[in-house]
S.K.: 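Structure incoming, see below.
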2 protein chains.
Amino acid sequence: MTLSDKNYAFVMHCGEMGSRWGFNRTIGQMCGLLIITKEPMTANEIADGLSISRGNVSMGIKELQSWRLIKVQHIPGDRKEYYAPAGTIWDMANRVFEERKKREIDPTLSLLRDNLIEPATNDDEKFAQQQMHEIHDLLETVTKWSSELQRLSPEQLQSLMKLGSGIGKVLDFKDKILKKQ
Amino acid sequence: MTLSDKNYAFVMHCGEMGSRWGFNRTIGQMCGLLIITKEPMTANEIADGLSISRGNVSMGIKELQSWRLIKVQHIPGDRKEYYAPAGTIWDMANRVFEERKKREIDPTLSLLRDNLIEPATNDDEKFAQQQMHEIHDLLETVTKWSSELQRLSPEQLQSLMKLGSGIGKVLDFKDKILKKQ
DNA sequence: CATTGGTTTCATTATTTATTGAAACTTGAA
DNA sequence: TTCAAGTTTCAATAAATAATGAAACCAATG
């Protein structure tokens with residue numbers, strides 16, 4: 001099976017973007033390929049489709065699994081493993097978001113917490129701690145928010161997302177609403 | 001000027017995280033250093049502080065400026081350029097966010113738009129286009145949202161952020177509110 | 001208009017990261 | 001058990017990325 005021009009362009013684009021999205025070229029390509037391919041694919045099909053080594057695909061699969069982006073499927077009477085996206089586009093975006101938060105925010109939050117436990121011992125440290133405190137609070141807020149969003153039902157999320165410019169108005173009513181609750 | 005242990009740990013951490021945040025180790029370190037240092041620093045001070053070459057600092061400055069994260073200052077009667085963070089922590093986070101959106105989302109959105117203009121010519125492409133359409137819509141929504149957030153006043157943003165678990169309740173009132181407007 | 005304090009550039013080198021492919025491993029079926 | 005189809009691992013290699021430092025550049029000053 002060879003890709004149409006358009007599909008090929010998409011897969012290659014995913015490759016280019018791969019490293020910006022948090023993985024690398026090959027893994028970006030694999031992800032793109034699996035997303036636009038209707039049927040689950042074997043590792044060999046992926047390797048052939050992208051002209052990369054079998055070993056590389058194996059690594060990539062492991063990585064994509066660690067991001068919880070793909071799932072394995074079996075076809076009765078067939079020994080091969082078939083891979084497919086683990087959910088809808090929305091699910092996948094969510095996973096990437098969560099996973100990146102884990103890698104990009106959590107470690108810093110943890111360092112800052114440690115660093116802020118004992119008080120500053122001199123002026124330089126005092127200023128530094130103020131700054132770190134700001135970063136800490138910002139990251140905590142983001143964290144709280146993201147876990148809040150996870151908790152919302154898909155409908156609520158859709159509703160929130162679609163809200164768009166209405167968000168300002170909604171905020172203006174916030175106080176009123178919170179009083180009523 | 002040498003860094004205290006804690007401050008040093010913070011700067012090094014920023015280095016480790018650098019590549020995850022979208023730049024590289026040195027630039028992460030530079031950013032961290034400038035943030036926790038009260039006074040603006042010269043390029044040489046930065047190079048000394050981080051034990052890296054003068055040339056590297058120059059590159060890093062250029063990059064940090066392209067992210068709009070630092071600003072140049074001059075001290076009367078002094079020929080050197082002094083560098084300092086370009087705004088509050090909040091401002092900087094915002095810039096990183098915007099800049100990353102530009103690098104991580106916009107190019108894909110643009111590719112998808114192009115790709116979705118002409119209709120699919122066969123079944124494989126039809127399925128692929130459906131998927132691409134979903135990605136497209138998702139990215140559009142995110143884009144719209146992020147520009148919406150930019151438009152909010154700092155107070156509104158704070159208010160929204162602090163909302164936390166209240167968000168669900170607020171959403172429940174959305175329809176009612178939108179009717180009233 | 002030459003000197004000097006300062007900055008930038010960029011070819012070279014060093015470091016890091018990704019890829020290959022052969023060997024080791026796993027597992028279901030005969 | 002053994003075989004064979006399939007998967008994983010990992011040392012070696014290739015490719016990409018970052019860092020150095022010397023030379024070029026720039027601009028204020030005497």
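Numbers restart at 1 for each chain; the letters A, B, ... are given by sequence-line order, proteins then strands. If you're wondering where the values come from, they're calculated on a predicted model, not measured in any experiment. Atom set for the values below is all heavy atoms of this structure, side chains included, hydrogens, waters and symmetry mates excluded.
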S.K.: Rounded to the nearest angstrom, tell me the gap between atom CZ in B/R25 and atom P in D/dT17.
M.R.: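 Interatomic distance, CZ of B/R25 to P of D/dT17: 15 Å.
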S.K.: Should the heavy atoms of other residues, nucleotides or ligands under 6.0 Å from OH of A/Y8 be counted, would the total exceed 12?
M.R.: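 Count not over threshold, so no.
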S.K.: Whole-Å distance between D/dT17 C1' and B/R20 CZ?
M.R.: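 Value for this atom pair: 17 Å.
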S.K.: Between A/L33 and A/Y83, does the side chain to side chain contact (heavy atoms under 4.5 Å, CB included) criterion hold? Intermediate values first, please.
M.R.: CA-CA 11 Å; A/L33 180 60; A/Y83 300 95; over 6 Å; no
S.K.: Could B/R100 and B/E104 be called an ion pair, given the rule that one side-chain N must be under 4.0 Å from one carboxylate O?
M.R.: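 Looking at B/E104 together with B/R100, the answer is yes, because their closest N to O distance falls below 4.0 Å.
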S.K.: Can you list, by residue number, the residues of residues 37-64 of chain B that have a non-hydrogen atom closer than 4.0 angstrom to DNA chain C?
M.R.: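 Heavy-atom contacts with DNA chain C come from B/R54, B/G55, B/S58, B/M59, B/K62.
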S.K.: Got A/S53 and A/V57 here, is their nearest side-chain heavy-atom distance under 4.5 Å?
M.R.: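 With C-beta onward as the side chain, the pair stays apart.
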S.K.: Would you confirm whether A/Q129, through its side chain, and A/E118, through its main-chain N or O, come within 3.5 Å as a donor-acceptor pair?
M.R.: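 Looks like yes, one N/O pair under 3.5 Å.
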S.K.: Mapping B/S19 and B/D78 onto DNA chain C by nearest heavy atom, which one lands closer to the 5' end?
M.R.: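 Its nearest nucleotide being more 5', the pick is B/D78.
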S.K.: How about CG on A/N122, more than 12 heavy atoms from neighbouring residues, nucleotides or ligands closer than 6.0 Å, or not?
M.R.: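 More than 12 heavy atoms, drawn from other residues, nucleotides or ligands, come within 6.0 Å of this atom.
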S.K.: Between the base of C/dG5 and the side chain of B/R79, is there a donor-acceptor distance below 3.5 Å?
M.R.: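 It does, because a donor-acceptor pair links the side chain of B/R79 to the base of C/dG5 below 3.5 Å.
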S.K.: Starting at the 5' end of DNA chain D and moving along, which residue's nearest nucleotide shows up first, A/Y82 or B/T26?
M.R.: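 The answer here is A/Y82.
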S.K.: Figure out the NE2/P separation between B/H74 and C/dT7, and round it to whole Å.
M.R.: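 Rounded to the whole Å, the gap is 9 Å.
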S.K.: Which nucleotide wins on minimum distance to the side chain of A/N24, given the candidates C/dT7, D/dG6, C/dA18?
M.R.: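 Nearest to the side chain of A/N24 among the choices is C/dA18.
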